[in-house]
Each structure stands twice: as structure tokens, then as C-alpha cells.
Engineer: 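Got a structure for you, questions after.
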Amino acid sequence: MRQSSIAAVSAEPASSNLERNAVDVLPAGMLEDQLATGRPLRVKLGIDPTTPDIHLGHTVVLEKLREFQEAGHRVVLIVGDFTARVGDPSGRSAQRPLPTPEEIEVNAATYQEQAFKVLDRDRTEVRFNSEWLRMAPEELLGLLAQTTVARLIERDDFQKRLAAGAPIAALELLYPLLQGYDSVAVEADVELGGTDQKFNLLFGRDVQSAYGQKPQSVLTMPILVGIDGVRKMSKSLGNYVGVTDEPGEMFGKTMRVPDTAMPDYYRLVLGSEPPQGMAPNEAKRALARGIVERFHDAAAARGAEEHFNRLFVERQAPEDVEEAGLGPYLGNGGETVHLPRLMSDLFGISSSEARRLIEQGGVKLDGEALPSGSLDMPQMALDGRVLQVGKRRFRRLRAAA
RNA sequence: GGGGGAGUGUCCGAGUGGUUAAAGGAGAUGCGCUGUAAACGCAUUGGCUCUGCCUACGCAGGUUCGAAUCCUGCCUCCCCCA
């Protein structure tokens, strides 16, 4: 059901460069008129710091903001430290647990830093919306008086929930009003967001009107699918590539993207057309290199690919493997090591899971699978060898001194 | 204020007294294969001092030889009427 909102990117050339890849630019013609005035526009984006990291899904909109900056406009980045405590109902079929104030504070700090991996700091104004949303109750009543319940629940997310008999928290109803008030507070000319933000963005126009401002225009960008190739990229689904992920991790996660989702990644993350006539494997490698280069650098991209080849093509252990002493795991009077306990300690898996992995041939010593039932191994047979658990977990073992 | 209904493993979701660690699906993991951590196929998927033991079906008690399934209280949520 959420799939329908993950719009495929049109390859058609847009009328304006800034409208490239956009799904909606509303109201029709307004942005063009605004641009035609030659006046620098105030372009707003709000991000609620509900999770600690920005991922590639966020960068789709950030890249678009960057283009506005390059065209001479000013970006107003709103860190939704207040709205994070309300919870954006966009695209949700149930209310999600809200982050604590402490989490919000921590996330807000990392968000700004990470956003500047894409945005030009000098042309960005960062504002926290608690600045104006922590308003007097009388003012809040004034804001609430600007709309009706019918208007608030007409959004698709709520209609679906109502039809399914799912709960809608009263708090969630407030969200579009607050986000709209952000636009009033910063006097936004344009607001950007993902397609799932369409309702909120348009609602902001009404709020601005109610406060005697000229309503903003609205531009929505496609939602990037996660590395599962199906659902929206999101931290909570675990299908994301974070902008601060290590190069090797970033490369590997990108290689995991299904071939079918590659064109979207090319267009939305790298801003280029997918290469024609290239073998899928090569095309994906080029994509992965491009992404690592974008968020780290060229050397990191090369290193990440080498690392990838080593692990997944040559099936070898990485160059530098972390060491682990066997001392704490000795049993039988210091003779043997109980592998499940060792593995559970080193890799944070349960010892039952470790046993299963051994049974299934997923545990290797210097590249050779351990026979099933290898639960206790003599310490001397392990010393100096590389223990591999699954595809990606390695440790070089050292006997106790 | 009144009436009705629901809470199951990471998630969704069967199961209404007896081989039930609990169908099925998703996700995840492992193996095989390979052009990739793609796709496809197979397998695994509560924990542990592991041929056995412990814990588990919202929480706390109770009935019973035996309960996720019955009873009581509590908590949370949903719907309808007002």
C-alpha cells in the first residue's frame, strides 16, 4: 500500500532545472513565477530529529535544496525539535513511539552536521522550531482556531486508519498546523519535502494565509526505496544507508540494492541517468563507488571496492582483522575453548544461534568450515587463526599468554 | 455514562483444555549457486552449563492430571450508542 507513493522517477526533462525529478510542483506555475522575479527565495525544509542519522532517503530532498542554493536562493533548515514530540502522521498506519526529549536533543545536533554533507553552510539558515512553537496557550488556541477537524482528517493516512478502525492520537491531529506555523515563522516562499509530505506542505499554505502571509509554493520529491527495494528507506525498517556509514558498509549496502531499484538510486542519489548498456554488476559497482565518493572521497571508494572484492568475490578475510584473546573463554582446565560462548561474546549473538551457525556450516576457521558439532576446540588449534562467522564477522584469535 | 470486542514469538497472523517452542507469511540469518551483500533454490529462526533443562501466548492470581485456550481481578487498546 505504501508502494503506491514511491513514485517512479520520470526521465522526462522538466521545464525548469529546479523542477527536475520533482513529483509535484504546486500550485501550477507558481514556482516559475517566483523564480522569474529574480528575488532570492526562502526555501524551507523541516526535518524532525526522531532518529540519530540522516540517510540517503533524506539526501534526495537535501540535494534539491542544494540546487536551489546554487541558483542563489536561501535555505531555511528547520530542525523539528518541537514537532518531533508530536509525531508526524505522514505515511504512518499507526502512531509510533515518540522519542524522549534527551534523544531529540542528541539527534538534533547530529542532524545539522550531517545535513551539511550536502548543503552549503553559508547559504543555510538553521532554526529550531521550539523557538516559536513553545508558544503561549492563548496563541496555540489561535492556531487551532484556523482549521476544522474535517480538514485535518481528510488526509489519506487518517482516512485509512479510520477505515481500519486504527487509533489516531489527538496529538497527531496537530501536526500539520504546527508544521504550517513553521512556514509562517520563517516566512517561507517555497517548501520542499517527500511526496508523503504533500498534505502537510499544502496545509502550510492555508496556515500562512490565515496569518496574512503569501502562501508558499510546494515541491515534492520522490521517496527513495530502501535497500530491500520495496519499502521506503527508513531507519526503523533497517533498510537504509546512512550518510555517515563507513565506506565499506556504504559500498556493501549499496551492492545489496536489488537491480530493479538501481535507476532510482542513480537519479535520486547521484543525480545522473543510469548508465546504458553496462552489465548490472558493473553498473551497481559504479553506483556504489559514486555514493561512497559523494559522502567520503575517491580513495575511500576505491578502498571500499577492494574490501568488497576481497570479502565477497575472493571470499577472503579482510586485510586488518580485529584480534580477540581466548583467555576468558577457556574451559576444561585451560585446554579448550567453548566456541558458542566465544562467539556470543564477540559478536553479540546468542549461544544457541552460534550453535546453529556451526551446524549450518556458517562458521569458518581460516576459510574452512567447521564440521558440525565443533563446540569445544583446543586452544592451540585456534591460536593465530581467523574465525569467520557468517559472511561479515571476523576475528583473529590469540591464545592466552 | 451504557454496550460490544481485542491483546500470541522481530513484525503480521492462525490456534479456543492434551505430541504446542506454538500453523502460515514477512523479515532476518546460513548454505548452495552466481554477475553483486542482486535474482533464484534449500535450510535455520526463544534461551541455556544442550541427546537434557528453562522460559514463553498483556499483567497477577485461580480451576484442572494438564491451559495460549476456562474463571477472577488489573492494565492497555478498538468499535458502537449517548
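Here is how names work: the chains are called A, B, and so on, in the same order as the sequence lines, proteins then strands, and each is numbered from 1. Atom set for the values below is all heavy atoms of this structure, side chains included, hydrogens, waters and symmetry mates excluded.
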Engineer: Keeping the roles fixed (side chain from T100(A), backbone from E103(A)), state whether a donor-acceptor pair exists under 3.5 Å.
Structural biologist: yes
Engineer: Is there any salt bridge (Lys or Arg N to Asp or Glu O under 4.0 Å) pair reaching into residues 76-88 of chain A, and which pairs are they, with sequence neighbours excluded?
Structural biologist: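 Listed by first then second residue: nothing to list.
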Engineer: Atom pairs under 3.5 Å, N or O on each side, protein against nucleotides 46-50 of chain B: can you list them with distances?
Structural biologist:
| residue | atom | partner | partner atom | Å |
| --- | --- | --- | --- | --- |
| G47(B) | OP1 | S350(A) | OG | 2.6 |
| G47(B) | OP2 | R356(A) | NH2 | 2.5 |
| C48(B) | OP1 | S351(A) | N | 3.0 |
| C48(B) | OP1 | S351(A) | OG | 3.2 |
| C48(B) | OP2 | S351(A) | N | 3.0 |
| C48(B) | OP2 | S351(A) | OG | 3.1 |
| C48(B) | OP2 | S352(A) | N | 2.6 |
| C48(B) | OP2 | S352(A) | OG | 2.8 |
| C48(B) | O5' | S351(A) | OG | 3.1 |
| U49(B) | OP2 | S351(A) | OG | 3.1 |
| C50(B) | OP2 | R355(A) | NH2 | 3.4 |
| C50(B) | N3 | R355(A) | NE | 3.2 |
| C50(B) | N4 | R355(A) | NE | 2.5 |

Engineer: What is the distance from atom CZ of F116(A) to atom CD of E113(A), rounded to the nearest 0.5 Å?
Structural biologist: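 Between atom CZ of F116(A) and atom CD of E113(A) there are 7.0 Å.
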Engineer: How many whole angstroms separate atom CG of L357(A) from atom P of A43(B)?
Structural biologist: 17 Å
Engineer: Using the C1' atom on both, measure U16(B) against C71(B) and round to a whole Å.
Structural biologist: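 Result for the C1' pair: 14 Å, nearest Å.
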Engineer: Is the H55(A) ring parallel, tilted or perpendicular to the Y240(A) ring (thresholds 30°, 60°)?
Structural biologist: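 Geometry flag for Y240(A) against H55(A): tilted rings.
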Engineer: What interatomic distance, in whole Å, is found between C1' of A68(B) and the corresponding atom of C59(B)?
Structural biologist: 14 Å
Engineer: Kindly compute the distance separating CG (L375(A)) from CE (M343(A)), expressed to the nearest 0.5 Å.
Structural biologist: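 L375(A) atom CG to M343(A) atom CE measures 9.5 Å (nearest 0.5 Å).
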Engineer: Counting only side-chain nitrogens and oxygens, does N281(A) get under 4.0 Å of the OP1 or OP2 atom of G35(B)?
Structural biologist: no
Engineer: If the C1' atom of U64(B) is compared with that of C70(B), how far apart are they to the nearest Å?
Structural biologist: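 Pairwise C1' distance, U64(B) against C70(B), rounds to 9 Å.
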Engineer: For A14(B) versus G1(B), give the span between their P atoms, rounded off to a whole number of Å.
Structural biologist: 32 Å
Engineer: Atom CG of N309(A) to atom C1' of U36(B): distance rounded to whole Å?
Structural biologist: 10 Å
Engineer: Remember a base hit wins even if backbone is also touched, and classify G361(A) as base, sugar-phosphate or nothing at under 4.0 Å, heavy atoms.
Structural biologist: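 Sugar-phosphate, backbone atoms only, no base.
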Engineer: Which nucleotide in the set U36(B), A37(B), C31(B) lies at the smallest distance from any side-chain heavy atom of K364(A)?
Structural biologist: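 Selected nucleotide: C31(B).
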Engineer: Which ones in residues 241-248 of chain A lie close to RNA chain B, meaning a heavy atom under 4.0 Å from one of its atoms?
Structural biologist: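 When residues 241-248 of chain A is checked for heavy atoms under 4.0 Å from RNA chain B, the hits, listed by number, are G248(A).
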Engineer: Please collect all salt bridge (Lys or Arg N to Asp or Glu O under 4.0 Å) contacts where either partner lies in residues 161-174 of chain A, sequence neighbours excluded, each pair once.
Structural biologist: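 Pairs touching residues 161-174 of chain A that pass the test: R161(A)-E172(A).
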Engineer: Pick the C1' atom in G52(B) and in G5(B), then give their distance to the nearest Å.
Structural biologist: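 So the two C1' atoms sit 43 Å from each other.
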Engineer: Is the shortest side-chain N to carboxylate O distance from E154(A) to R151(A) below 4.0 Å?
Structural biologist: yes
Engineer: If you round to the nearest 0.5 Å, how far is CG of N107(A) from CG of D48(A)?
Structural biologist: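 If I round to the nearest 0.5 Å, the distance is 11.0 Å.
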Engineer: If only atom types and distance count, is the side chain of E359(A) paired as donor or acceptor with the main-chain N or O of G373(A) below 3.5 Å?
Structural biologist: yes
Engineer: Scan the side chains in residues 311-328 of chain A for donor-acceptor partners under 3.5 Å anywhere in the protein, sequence neighbours excluded, and list what turns up.
Structural biologist:
| residue | atom | partner | partner atom | Å |
| --- | --- | --- | --- | --- |
| E323(A) | OE1 | R398(A) | NE | 3.2 |
| E323(A) | OE2 | R398(A) | NE | 3.2 |
| E323(A) | OE2 | R398(A) | NH2 | 3.1 |

Engineer: Which whole-number value in Å describes the distance from R392(A) CZ to C31(B) P?
Structural biologist: 11 Å
Engineer: For the pair made of CE in M255(A) and P in A37(B), what is the distance, rounded to whole Å?
Structural biologist: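 M255(A) atom CE is separated from A37(B) atom P by 7 Å.
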Engineer: Please list, one pair per line, the donor and acceptor atoms closer than 3.5 Å that link side chains of residues 69-78 of chain A to other protein atoms, with sequence neighbours excluded.
Structural biologist:
| residue | atom | partner | partner atom | Å |
| --- | --- | --- | --- | --- |
| Q69(A) | OE1 | D120(A) | N | 2.8 |
| Q69(A) | NE2 | D120(A) | O | 3.1 |
| Q69(A) | NE2 | R123(A) | O | 3.1 |
| Q69(A) | NE2 | T124(A) | OG1 | 2.7 |
| E70(A) | OE2 | R66(A) | NE | 2.9 |
| H73(A) | ND1 | L41(A) | N | 2.9 |
| R74(A) | NE | E125(A) | OE1 | 3.3 |

Engineer: Roughly how many Å apart are G15(B) and G25(B), using the C1' atom of each and rounding to a whole number?
Structural biologist: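 That atom pair is separated by 15 Å.
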Engineer: By a strict heavy-atom criterion of less than 4.0 Å, which residues belonging to residues 311-319 of chain A are in contact with RNA chain B?
Structural biologist: F312(A), R315(A)
Engineer: So P280(A), base contact, sugar-phosphate only, or nothing? Heavy-atom distance under 4.0 Å.
Structural biologist: base
Engineer: Enumerate the residues from residues 288-307 of chain A whose closest heavy atom to RNA chain B is under 4.0 Å, giving them by residue number; use none for an empty result.
Structural biologist: none
Engineer: Just how far, in rounded Å, is P of G27(B) from CZ of R256(A)?
Structural biologist: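 Answer to the nearest Å: 11 Å.
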Engineer: Please list every donor-acceptor pair under 3.5 Å in which a side-chain atom of residues 291-304 of chain A meets a protein atom from a residue at least two apart or in another chain.
Structural biologist:
| residue | atom | partner | partner atom | Å |
| --- | --- | --- | --- | --- |
| R294(A) | NE | E63(A) | OE2 | 3.0 |
| R294(A) | NH2 | E63(A) | OE2 | 2.9 |
| H296(A) | NE2 | D245(A) | O | 2.7 |
| D297(A) | OD1 | A299(A) | N | 3.1 |
| D297(A) | OD1 | A300(A) | N | 2.8 |

Engineer: In whole angstrom, what separates Q360(A)'s CD from A28(B)'s P?
Structural biologist: 16 Å
Engineer: By the ring pair (Phe, Tyr, Trp, His ring centres under 6.0 Å) test, which pairs, at least two apart or in different chains, include something from residues 149-176 of chain A?
Structural biologist: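 Not a single pair qualifies under ring pair (Phe, Tyr, Trp, His ring centres under 6.0 Å).
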Engineer: Can you check the distance between U55(B) and C48(B), where both ends of the measurement are the C1' atom (answer in whole Å)?
Structural biologist: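 Between the two C1' atoms, the distance is 10 Å.
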Engineer: Just the rounded figure in Å: distance from C1' of A37(B) to CZ of F251(A).
Structural biologist: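 In whole Å, A37(B) C1' and F251(A) CZ are 11 Å from each other.
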Engineer: As an exercise, state the distance from CG of L162(A) to CD1 of I168(A), rounded to the nearest 0.5 Å.
Structural biologist: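 Rounded to the nearest 0.5 Å, the CG-CD1 separation comes to 4.0 Å.
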Engineer: Using the P atoms only, state how far U8(B) lies from G4(B), rounded to an integer number of Å.
Structural biologist: 23 Å
Engineer: For the residue pair S234(A) and S236(A), confirm or rule out a side-chain donor-acceptor distance under 3.5 Å.
Structural biologist: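 There is such a pair (donor and acceptor under 3.5 Å, judged by atom type) between the side chains of S234(A) and S236(A).
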Engineer: Enumerate the salt bridge (Lys or Arg N to Asp or Glu O under 4.0 Å) contacts for residues 177-192 of chain A, please, sequence neighbours excluded, ordered by first and then second residue.
Structural biologist: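 Qualifying pairs, neighbours excluded: R39(A)-D189(A), K44(A)-E191(A).
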Engineer: Could you check K391(A) against L237(A) and say which one's nearest nucleotide on RNA chain B is further toward the 5' end?
Structural biologist: L237(A)
Engineer: With nearest nucleotide decided by heavy atoms, which residue, G362(A) or M262(A), maps closer to the 5′ end of RNA chain B?
Structural biologist: G362(A)
Engineer: Using whole Å, what does the distance between atom P of nucleotide G35(B) and atom CG of D259(A) come to?
Structural biologist: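 D259(A) atom CG is separated from G35(B) atom P by 13 Å.
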Engineer: Go ahead and write out RNA chain B as dot-bracket, 5' to 3': ( ) for pairs within the strand, [ ] for ones crossing earlier pairs, | when the partner sits on another strand, dots for unpaired; Watson-Crick or G-U wobble, both distances under 3.5 Å.
Structural biologist: ((((((((.[[[..)..(.....]]]((((((.......))))))(((...)))...[[[[[..)....]]]]]))))))).
Engineer: Can a donor-acceptor pair be found, under 3.5 Å and without considering hydrogens, that links the side chain of R205(A) to the backbone of L201(A)?
Structural biologist: no
